[in-house]
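Keep in mind that this is a model prediction, so the values were computed, not measured. When a ligand or atom number is given, it counts from 1 through the structure's own listing order.
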Amino acid sequence: MTIVPVPGPLPPGSTIGIIGGGQLGRMLAMAAARLGYRIVILEPQADCPAAQLANRQIAAAYDDTKALAELAKVSAVVTYEFENVPVAAAGLLAQSVAVFPPPKALEVSQDRLAEKRFLNGIGISTADFVAVDNDADLASGLSDFAGSGVLKTCRMGYDGKGQRAFRHFAGDVDGTHAAMGGVPLILERLVSFEREISVIAARGTDGSLAAYDPAENVHNAGILHSSTVPAAISAATAELACRNAFAILDALDYVGVIGVEFFALGDGSLIVNEIAPRVHNSGHWTEAACAISQFEQHIRAIAGLPLGDTARHSDCVMENLIGGDVERAPALLSGPGLVLHLYGKAEARPGRKMGHFTRIRPIAS
Ligand code: AMP
């Protein structure tokens with residue numbers, strides 16, 4: 001795949017293309033505007049959260065070749081806000097415009113098997129896993145893992161969707177592969193972790209690296225509920241998390257922000273659960289507790305600007321507002337250290353991320 005390099009730092013007034021119109025695209029558009037850039041969004045859904053703040057929306061499917069050609073024509077650089085952008089579309093774009101993060105990062109992160117093989121290949125630990133293409137594979141994998149594991153679809157799983165956990169299971173698995181859609185699956189050994197953490201890191205066009213402090217994440221029903229910073233981990237574990245993130249960025253010759261999710265084990269070691277080649281929900285706290293947010297950091301990286309300072313000026317807890325939680329918004333406008341962010345979504349469906357808030361407080365000494 002040809003990658004067209006960014007022609008030096010992008011001057012203000014340049015246009016940045018974003019594939020995907022959700023809240024991450026919206027927050028990227030806000031950060032880009034602050035640096036003087038224009039934004040065009042490729043997204044089929046009208047009045048999407050990102051397009052509400054963009055200069056222009058190309059309303060078409062992500063793999064519409066005419067729309068992709070138009071996006072390439074009007075953009076100085078193209079990025080994306082979700083990892084399920086068709087790799088072929090990113091590859092097509094990359095022939096005529098710089099696409100950051102590189103399409104290789106999409107390939108790796110779209111398939112849980114490819115992701116784990118890539119990570120293990122660069123010496124990073126993951127949960128033990130087996131590929132599951134039928135019920136017999138599942139039965140044999142479960143027996144290898146003493147009956148405890150998490151079965152996941154290899155592709156298109158997010159927020160815990162497409163998953164089934166087994167604990168000390170000794171029963172019959174007949175029909176499970178079909179019940180999971182008959183698609184390629186992966187069985188992971190059930191990890192007994194102490195906590196879940198994530199690191200938001202960035203790599204610039206010049207190979208420079210930066211990382212924010214790790215966040216400690218709590219999920220409810222597979223969806224991120226809260227991120228707390230600092231995480232209750234040792235300095236050595238925090239440093240290990242950053243080292244792992246940097247190794248991933250270098251191995252992918254990456255440009256932009258990445259989210260790396262880890263399971264932290266009781267002995268201080270880490271294993272990577274998954275990587276997201278984009279700004280990440282567990283990094284939303286950076287807009288309230290750091291001078292430069294993950295969104296600005298991503299725009300800086302892809303625009304060929306120097307990476308920003310990742311230092312934290314406050315401790316904080318970020319909480320998502322999911323579905324009806326958004327009714328809490330008026331109360332979250334007052335109170336010390338509260339920073340509210342709503343995504344401009346009209347309908348508060350169950351499970352839908354409507355906004356988030358971050359409560360900051362002075363750094364505990
Ligand atoms: P994922 O979609 O892979 O991020 O999984 C969603 C959540 O399920 C994770 O944040 C963990 O809380 C849990 N989980 C996923 N994989 C495993 C595993 N192999 N062992 C234990 N818990 C897991």
Residue pairs meeting side chain to side chain donor-acceptor pair (under 3.5 Å), one or both in residues 135-144, sequence neighbours left out, come to none
Near [X], which atoms of ligand 1 are under 4.0 Å from a heavy atom of that residue?
X	result
R189	18 (C), 19 (N), 20 (N)
L190	20 (N), 21 (C)
F193	12 (O), 21 (C), 22 (N)

Judged by heavy atoms only, the candidate from T153, V191, N217 nearest atom 20 (N) of ligand 1 is V191
Out of Q163, E196, H219, the nearest non-hydrogen contact to atom 12 (O) of ligand 1 is supplied by E196
Across all chains, not counting sequence neighbours, the salt bridge (Lys or Arg N to Asp or Glu O under 4.0 Å) partners of R349 are E347
Kindly assign one of parallel, tilted or perpendicular to the pair F263 and F193, based on the angle between their ring planes and the thresholds 30° and 60°. parallel
Run the salt bridge (charged side-chain N to carboxylate O under 4.0 Å, His left out) test on R56 and E70 for me, step by step, so that the C-alpha distance in whole Å, both residues' side-chain angles and the decisive distance to 0.1 Å come before the verdict. CA-CA 12 Å; R56 180 180 167 199; E70 175 66 8; 3.0 Å; yes
Is the distance from the ring center of F246 to that of Y254 below 6.0 Å?
no
